[in-house]
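One structure is given below, encoded as structure tokens.
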Amino acid sequence: MADTHTKVIKDRWQKLKELEAQGIDPYPNGIARPERIGAIIDVYGEYDGDALQGVKEEFYVAGRITGLRRFGKAAFFHIKDDTGRIQVHVRKDILGGRFSLFKKLDIGDIVWVRGSLFRTKTDELTIACSDIGLASKNIRPLPEKYHGLRDKELRYRQRYVDLIVNDEVKDIFRKRAKIIQVVRHYFTSNGFLEVETPMMQSIVGGATARPFITHHNALGIDLYLRIAPELYLKRLIVGGFERVFELNRNFRNEGISLQHNPEFTMLEFYEAYSTYEDLIDRTEELFSLIAKELYGKTVITYQGEEIDLTPPWRRLTLKQSLIENGHIDEERLFDREFLLKCLSDHSVPAPKGDEIGIGKLWTRLFDLLVEPRLIQPTFITHYPVEVSPLARRNAEDPDVTDRFELFIAGREIANAFSELNDPRDQKKRFEEQVAKRGDDEEIPPEVDYDYIRALEIGMPPTAGEGIGIDRLVMLFTDSASIRDVILFPQLRPER
RNA sequence: GGGCCGUUAACUCAGUCGGUAGAGUAUCUGCCUUUUAAGCAGAGAGUCGCUGGUUCGAGCCCAGCACGGCCCA
């Protein structure tokens, strides 16, 4: 594919040679910095034809040629930069000798244009071109002007083309940047310190997921790409940074799907002297703030569903949700055989491991029966200890933890808990986890004793939360696939 | 990992019953000084994803593989 030499491409190479023969550099250096098209439209967008006649100024813009319409001795085209697009009118009688250069230009070329503003018969704001020059020659033609680039594979592999021809793609990534900006501002302005912790770790931890393994030659050791920053961020809480957050990449060596990319962006934040219930407030505050910044309101639409992010949001325990949304009889919630049968009735394989606890069965059933139905924002609380190895036990019921997961549009989007800071309990849970691991590659193969040592130094009562940024961006940009919110999603290499 | 669907010109897509490849856009040539999916006339452009099989004959049927999409796990 990379070597295709079609007629069009050959023609363009030929034109490039002809331009060079005329002394025109197809890739010149030192083009004067242009004005931004968006800024011109902001000022003159409302001027009518008469008003524009009073504007004597010449404008100077640069961008890519799209939609070229030639008329022999004249032409119209649009020139598009990062801020907008504007029509340009070219006339042979005005351009003179430059017109022969213009005749060699193509759709897709990047040019600079100088000229004054006027309105056409159809009342479109247009630059009357007095001078034009080449800034960068296009060799490969752009996709068809009406349908654009539809092939999803090509859109992901050649995102640079997708961005040029599909305007809504740029909009999604601008919104992504905006969301990250709002998140960062929210935390820094609330006294959180932004930190960066290791992505290459010698012991994995902080989540259950299969890691990528790499090798450090000089140290002669294997390292894991992190699946979560959690244990390092809590070491910082021990160290006295009482409010920290990290907004960065995690890596999980698992399948690729509409909701999973092997590398993805995670926000984790930890706050000393707060509980998971305080984080419920922060979460509601943060999400409604993002909605307001992006759309000016707290009701958004996702895949045809109206989602109301106005606080407060619904809260219920995992157990309640299984009864209310999963329609499981309360008396049978501890009936292991019944729960296993429920799973097999839906052809879901039983969880891995020798001793399948009630907790794992509950979360498995939850994923099946409840999660898809949680369209409006819902906090699910009181997860069993068995599935929450880093969370503090609930004071009233030591079998469950002070934890919530947040679900919106049928998907998990955040996970938070009051942190387990008792080194005895933590050590015991780690050791049991490793002992029961078997060949489950999602469980860390060894105990992080340095983390236990840190807890022995003493971690204040703390709560922490993780929010999947890609899923957050999907929600706020109405995107069905995670690939639509990651600029270069992982694909098999092109052959 | 399993199921279903897709892969035809640079792009978007047709392709009937198995009979030797089509359109629009883009490109090239000619005409054209207010168009905007400009228009009119003409031309060129294809390893029909790959490999094998069936057949007198395969874009079409069969098998395997590759890549992608969707669903399930």
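Chain letters run A, B, ... following the sequence lines, proteins first and then strands; every chain starts at 1. The structure displayed is predicted, hence computed values, not measured ones.
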* To do: Compare the minimum distances between each of B:A26, B:U34, B:U12 and the side chain of A:His147, then state the nucleotide with the smallest one.
  => B:U12
* For B:A9 and B:C56, measure between their C1' atoms and round to the nearest Å. => 30 Å
* Using the P atom in both, what is the distance from B:U16 to B:C62, to the nearest Å? -> 14 Å
* Counting any heavy atom closer than 4.0 Å, what does A:Arg483 reach on the DNA or RNA strands: base, sugar-phosphate only, or nothing? -> sugar-phosphate
* Taking OP1 and OP2 of B:U27, is either one under 4.0 Å from a side-chain nitrogen or oxygen of A:Lys15? -> no
* To do: Please tell me which of the listed nucleotides, B:U35, B:C11, B:U27, lies nearest to the side chain of A:Leu154?
  => B:C11
* **Side chain A:Glu124 and base B:U35 donor-acceptor under 3.5 Å** => no
* Considering only atom C1', compute the distance from B:G46 to B:U8 and round it to an integer number of Å. => 8 Å
* **Residue that, paired with A:Tyr383, satisfies side chain to side chain contact (heavy atoms under 4.5 Å, CB included) out of A:Thr363, A:Val400, A:Thr317** => A:Thr363
* **Whole-Å P distance, B:C4 and B:U20** => 32 Å
* Asked: For B:C65, which nucleotide is its Watson-Crick or G-U wobble mate, given both distances must be under 3.5 Å?
  -> B:G49
* Rounding to a whole Å, what distance do you find between A:Arg210:CZ and B:A73:P? -> 19 Å
* To do: Quickly work out the A:Lys152 NZ to B:G69 P distance and round it to whole Å.
  => 8 Å
* What distance separates A:Leu309 CG from A:Gln376 CD, expressed to the nearest 0.5 Å? -> 8.0 Å
* Asked: A:Phe71 stacking on B:U33: centroids under 5.5 Å, ring planes under 30°?
  -> no
* **B:A21 and B:A58, which share atom name P, separated by this distance in whole Å** => 12 Å
* Go through B:C32, B:G68, B:U27 for me and flag the one nearest to the A:Val8 side chain. => B:U27
* Asked: Hey, mind stepping through A:Asp42 and A:Arg36 against salt bridge (charged side-chain N to carboxylate O under 4.0 Å, His left out) and telling me if it holds?
  -> CA-CA 10 Å; A:Asp42 281 348; A:Arg36 313 224 82 186; over 6 Å; no
* Asked: Side chains of A:His89 and A:Glu124: do they bring a donor and an acceptor to under 3.5 Å?
  -> no
* **Complementary nucleotide of B:G57, counting Watson-Crick and G-U pairs under 3.5 Å** => none
* Asked: What's the CZ-C1' distance between A:Arg157 and B:A66, to the nearest Å?
  -> 11 Å
* Base, sugar-phosphate, or nothing: which does A:Arg150 touch, judged by heavy atoms less than 4.0 Å apart? -> sugar-phosphate
* Structure fact -> Whole-Å distance, A:Gln158 CD to B:A10 P, equals 13 Å
* Structure fact -> If pairing means Watson-Crick or G-U wobble with both distances under 3.5 Å, then the partner of B:G22 is B:C13
* Looking for any heavy atom pair under 4.0 Å, which part of the strands does A:Arg70 touch: base, sugar-phosphate only, or nothing? -> base
* Give the nucleotide from the list B:C32, B:C11, B:U27 with an atom nearest to the side chain of A:Lys73. => B:C32
* To do: Looking at every strand, decide which applies to A:Gly255 at a 4.0 Å heavy-atom threshold: base, sugar-phosphate, or nothing.
  => nothing
* Asked: Contact class for A:Arg119 (heavy atom, under 4.0 Å): base, sugar-phosphate, or nothing?
  -> nothing
* For A:Glu153, answer base if it contacts any base atom (sugar-phosphate contacts may also be present), sugar-phosphate if it contacts only those atoms, and nothing otherwise; contact means non-hydrogen atoms under 4.0 Å. => sugar-phosphate
* Asked: Does one side chain, of A:Arg12 or A:Asn138, offer a donor that lies under 3.5 Å from an acceptor on the other?
  -> yes
* **Rounded distance in Å - CH2 (A:Trp13) to C1' (B:U27)** => 17 Å
* To do: Indicate, with a heavy-atom threshold strictly under 4.0 Å, whether A:Leu142 touches base, sugar-phosphate, or nothing.
  => nothing
* **Which nucleotide in B:U27, B:C11, B:U35 has an atom nearest any side-chain atom of A:Pro143** => B:C11
* To do: Could you work out which one of B:U35, B:C67, B:C11 sits closest to the side chain of A:Glu144?
  => B:C11
* Structure fact -> From the candidates B:C67, B:U33, B:C28, the one with an atom nearest any side-chain atom of A:Asp106 is B:C28
* Please report the shortest heavy-atom distance between A:Gln201 and A:Ala228, naming the atom on each side. => NE2-O, 3.5 Å
* Asked: Across the strands shown, which category fits A:Phe118 at heavy-atom distances under 4.0 angstrom: base, sugar-phosphate, nothing?
  -> base
* To do: Write down the distance separating the P atoms in B:G57 and B:G19, rounded off to the nearest Å.
  => 14 Å
* Just do the salt bridge (charged side-chain N to carboxylate O under 4.0 Å, His left out) check on A:Lys15 and A:Asp109 with the steps written out, would you? => CA-CA 12 Å; A:Lys15 277 188 189 175; A:Asp109 285 349; over 6 Å; no
* When we call it a touch if two heavy atoms are under 4.0 Å apart, what does A:Arg69 touch: a base, just sugar-phosphate, or nothing? -> base
* Got a second to check how far A:Leu487's CG is from A:Phe173's CZ, nearest 0.5 Å? -> 4.0 Å
* To do: For A:Ile482 and B:G69, give me the distance from atom CD1 to atom P, rounded to whole Å.
  => 13 Å
* Asked: NZ of A:Lys104 versus P of B:U29: gap in Å, rounded?
  -> 9 Å
* From the list B:U33, B:U27, B:A10, which nucleotide is the closest neighbour of the side chain of A:Asp11? -> B:U27
* Expressed as a whole number of Å, how far does the C1' atom of B:U27 sit from that of B:A63? -> 40 Å
* Cut-off 3.5 Å, side chains only: do A:Glu18 and A:Gln14 have a donor facing an acceptor? -> yes
* B:U35 - base-pair partner by Watson-Crick or wobble geometry, distances under 3.5 Å -> none
* Asked: Between B:C32, B:A37, B:U12, which nucleotide gets closest to the side-chain atoms of A:Asp151?
  -> B:U12
* P spacing across the pair B:A41 / B:C60, given as an integer number of angstrom -> 35 Å
* **Nearest-neighbour nucleotide for the A:Lys7 side chain, B:G68, B:G44, B:U12 considered** => B:G44
